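To start, the structure itself, in structure tokens.
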2 protein chains.
Amino acid sequence: MTYTCKDIARKTGVSISTVSRVLNKKDLHKVGERTRKKVEKIIKKTNYTPNIIAKSLVSKKSFSVAVALEDFKDVVGPYFSQIISGIAYVLQENGYYLQLLGTVSAKNKPLSQHYLQAVKERRVDGVIILSEAINEKEILGLWKDKFPVLLVNRYIRDKEIPSVLMDNEKGLYDVTSELAKLGHRKIVFMAGCLKYQLDQDRLKGYKKALKENNIEFDEKYVLEGYFKYENAANALNVFISQGKKFSAVAASDDVMAFACITTLKKNNLSVPADVSVTGFNDMLFLPAVNPTLTSLKVPLIDMGKEAAAKILEIIDGKQIPDIVSLFKPQLVKRQSISSPHAD
Amino acid sequence: MTYTCKDIARKTGVSISTVSRVLNKKDLHKVGERTRKKVEKIIKKTNYTPNIIAKSLVSKKSFSVAVALEDFKDVVGPYFSQIISGIAYVLQENGYYLQLLGTVSAKNKPLSQHYLQAVKERRVDGVIILSEAINEKEILGLWKDKFPVLLVNRYIRDKEIPSVLMDNEKGLYDVTSELAKLGHRKIVFMAGCLKYQLDQDRLKGYKKALKENNIEFDEKYVLEGYFKYENAANALNVFISQGKKFSAVAASDDVMAFACITTLKKNNLSVPADVSVTGFNDMLFLPAVNPTLTSLKVPLIDMGKEAAAKILEIIDGKQIPDIVSLFKPQLVKRQSISSPHAD
DNA sequence: GTGAAAGCGCTAACAT
DNA sequence: ATGTTAGCGCTTTCAC
């Protein structure tokens, strides 16, 4: 049997308003001590829990936040899952629920329709956008409608949309500089997806480091692996088969870095003796991997926590002190890099 | 501006029932062609989306399903994330939303309170339980209340609670048999957590294989790694320091298998020359890992899909043909096993 | 202090 | 074929 506040009122012999008052501890000073106790007793006895749906209807708050992923397959893999884990933790601590939304490929529905519908249906009080599949116009539309939105590792140029970011430019700058310092002159940048702002920024850092070390930029040395193992392996394979010279690969992702290592081995190139390889996010550190991967450590879980904390502030209508939080990647050197051959 | 069905009715010059009818395509034959078109036009023009909260209140359906995890940190890591990915996919395809719930550690709240509250608040139409932290009594309570529940890789003895399972007993039986066939006589079983049914079943398979190969069971050869890298490494370290002889480790998880490989290397034992190692779930296959891991492949994403499909059937009140779906693990042999030394 | 009543945005039974 | 109306379970104002 599932009870309603009406049942509780009847059982206690009071009105539903009184029940509501003690339930929400609101205007409690207006409720008699004895009445309150009586109501509380019945609530406990019946194990009554208010219907949140009804509450939402009148309060216009769902106490839940959506996390918009591009594809549910993204949950698999340490990048998104760490961010989500951080978000989930903070939301739960604050009594909020987390809805996981996909932005592509729902049956019979165009791109992003499913996620937008959830928002418009007022299922959620805010959205944290991890997906790159949602276009800027849509996001700006929501923001203009005063709907709480927050972007993670993504931002919209010249617009004041709250974002939680990592310093992508500095990340690739650091890693490229390190490789140059070791003596590398032909460095491949295995980007994820160059149409993403994130890889544009990394490209910028890569170029900056090249320039500072008097290495000429050659766009043929920029490959795209789309953050997928197979794609990265293919891209590097094609590059190798073209006979291009190179002694290092800076990848935009640890998974792609592993793809590069495997591909190099298959081409009888050893890592790091022949080619140095670096990753990004330092999310896949396994001591069993040989060689262990040099990567850029980013506190993904903390970024998730920050994202959740921030969207809650926005939902609560608080003034947000900073539109942007910026996390710094930290270079972690391991076995996958060394000085190049002297040839 | 956010519209209600009343607004649409007023703008179109019809009643709200008519709006509701065209919205839900229900009793549509009773609506005039022209009226329908008129309503549809206004809906399109105003970009109106019905308020799902109100709809839920009357229909007593939230169109969302909860996935109960023990700890949000669990999303990180391939085991849970693959299952979740499968669940999310099927739910979305069926127009359902996914709520992620934790079952421990919400601030000020005892174990599992948060998840139970979500259920009782009628936020969700059903729960898929991945967590081991929810006790059997609670689950049985929900089931008795006719609340749709489904367990994944977990079941309750002698109770007909729907479950999506993998054949844990056969998995460890297969792997242990293979090791015995190679000539191993001293095989360590690195369990996750022996109080879980899953590891009890695996233990059973392990024992069965030992018996069939005339190897005496010794409980000292059963360790617990709690599915964590550090714990497994510690447990094996302690075991090694006790001077026990062994030539193989069958782990209940790939992560623990990697922990074992690293620990063995640190103890100057090479894999597989000195000690063979196997994993479970085959979820971390990386060609870059040396040696590549022998493991039991389980279709985790498919298990997630099956779980979602099943909970939807239960929610729809359909007769469920099988209380249990059983997925078979498949032994994938790679470099981490070989015959033992001849000493 | 407590209760009655209106209303949140929708559905569905019942009129017309 | 279309409209009227009574709720769904709660919050909140306003009486008493």
Side-chain angles (χ1 to χ4, degrees), chain A residues 1-40 42-43 46-63 117-125, chain B residues 1-40 42-43 46-64 95 117-125:
Chain A
M1 169 67 185
T2 160
Y3 297 96
T4 71
C5 67
K6 213 170 172 178
D7 296 323
I8 305 303
R10 195 172 30 72
K11 276 181 192 285
T12 326
V14 298
S15 74
I16 54 169
S17 345
T18 304
V19 174
S20 175
R21 277 189 273 259
V22 350
L23 224 45
N24 299 291
K25 306 190 194 311
K26 209 174 180 180
D27 297 327
L28 247 195
H29 55 279
K30 291 187 178 175
V31 176
E33 174 92 355
R34 291 190 47 205
T35 321
R36 206 196 68 223
K37 293 235 157 123
K38 224 162 52 179
V39 175
E40 280 168 349
I42 300 287
I43 287 178
T46 53
N47 201 13
Y48 162 73
T49 314
N51 181 323
I52 196 92
I53 301 290
K55 192 171 178 162
S56 291
L57 185 57
V58 7
S59 68
K60 294 177 186 318
K61 282 215 51 173
S62 65
F63 287 96
Q117 194 181 330
V119 169
K120 294 188 59 202
E121 280 175 343
R122 269 129 287 180
R123 259 175 197 287
V124 293
D125 300 335
Chain B
M1 169 68 185
T2 159
Y3 297 96
T4 71
C5 67
K6 212 168 170 179
D7 296 322
I8 305 303
R10 195 173 29 72
K11 277 181 191 284
T12 326
V14 298
S15 74
I16 54 168
S17 349
T18 304
V19 174
S20 175
R21 277 189 273 258
V22 348
L23 224 44
N24 300 290
K25 307 191 193 310
K26 209 175 177 179
D27 296 327
L28 246 195
H29 55 280
K30 291 187 178 175
V31 176
E33 173 92 354
R34 289 191 47 205
T35 321
R36 207 195 68 223
K37 293 234 157 125
K38 222 162 53 178
V39 174
E40 280 168 349
I42 300 287
I43 288 178
T46 53
N47 201 12
Y48 162 73
T49 314
N51 181 324
I52 196 90
I53 302 290
K55 190 169 179 164
S56 291
L57 184 58
V58 6
S59 67
K60 292 176 185 322
K61 283 215 53 175
S62 65
F63 288 96
S64 69
Q117 195 182 330
V119 169
K120 294 188 60 202
E121 281 176 341
R122 267 129 288 179
R123 259 176 197 288
V124 293
D125 300 335

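Computed from a predicted structure; not experimentally measured.
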Handout entry: Residues in side-chain hydrogen bond (donor to acceptor under 3.5 Å, both in side chains) contact with B/Ser56, at least two apart in sequence or another chain
Key =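 B/Ser56: no side-chain hydrogen bond (donor to acceptor under 3.5 Å, both in side chains) contacts found.
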
Practice task
Please name all residues satisfying side-chain hydrogen bond (donor to acceptor under 3.5 Å, both in side chains) with A/Ser15, sequence neighbours left out, ordered by chain then number.
Solution key: A/Ser17, A/Thr18

Practice task
Give a yes or no answer on whether the side chain of A/Asp27 reaches the backbone of A/Lys30 with a donor-acceptor pair at less than 3.5 Å.
Solution key: no

Handout entry: Minimum-distance pair of heavy atoms, taken over all atoms of B/Ser62 and B/Val124
Key = OG-CA, 3.3 Å

Exercise for the section: Check B/Asp7 against B/Thr2 and note the closest heavy-atom contact, atom names and distance. Expected result: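 Heavy-atom minimum between the residues: OD2-O, 4.3 Å.
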
Handout entry: Salt-bridge contact B/Arg36-B/Glu33 (side-chain N to carboxylate O under 4.0 Å)
Key =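 Counted as a salt bridge, because a side-chain N and a carboxylate O are separated by less than 4.0 Å.
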
Practice task
Find the bend of the helix from C/dG1-D/dC16 to C/dT16-D/dA1 as the angle between its two terminal axes (five pairs each), to the nearest 10°.
Solution key: 50°

Practice task
Quick one, give me the B/S/- string for nucleotides 5-16 of chain C, reading 5' to 3', where B means a protein heavy atom under 4.0 Å from the base and S means that only happens at the primed atoms, P, OP1 or OP2.
Solution key: ---BBBBB----

Practice task
Could you state the atom-to-atom distance from CD of A/Glu33 to P of C/dT2 in whole Å?
Solution key: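 Answer to the nearest Å: 11 Å.
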
Problem - B/Lys61 NZ: over 12 foreign heavy atoms closer than 6.0 Å - result: yes

Practice task
Go through DNA chain D in 5' to 3' direction and return only the first and the last nucleotide with some atom under 4.0 Å of chain B's heavy atoms.
Solution key: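 Nucleotide range with atoms under 4.0 Å of chain B: D/dA1 to D/dG9.
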
Problem - Which residues share a ring pair (Phe, Tyr, Trp, His ring centres under 6.0 Å) with A/Phe63, sequence neighbours left out - result: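 Ring pair (Phe, Tyr, Trp, His ring centres under 6.0 Å) check on A/Phe63 returns A/Tyr96.
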
Handout entry: Min side-chain heavy-atom separation A/Lys55-A/Asn24 under 4.5 Å
Key =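 Sidechains of A/Asn24 and A/Lys55: in contact.
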
Problem - Non-hydrogen side-chain atoms of A/Tyr48 and A/Leu23 separated by less than 4.5 Å - result: yes

Practice task
Report which part of the nucleic acid B/Thr35 touches: base, sugar-phosphate, or nothing (heavy-atom distance under 4.0 Å, all strands).
Solution key: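 If one applies the 4.0 Å heavy-atom cut-off, B/Thr35 turns out to touch the sugar-phosphate alone, with no base involved.
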
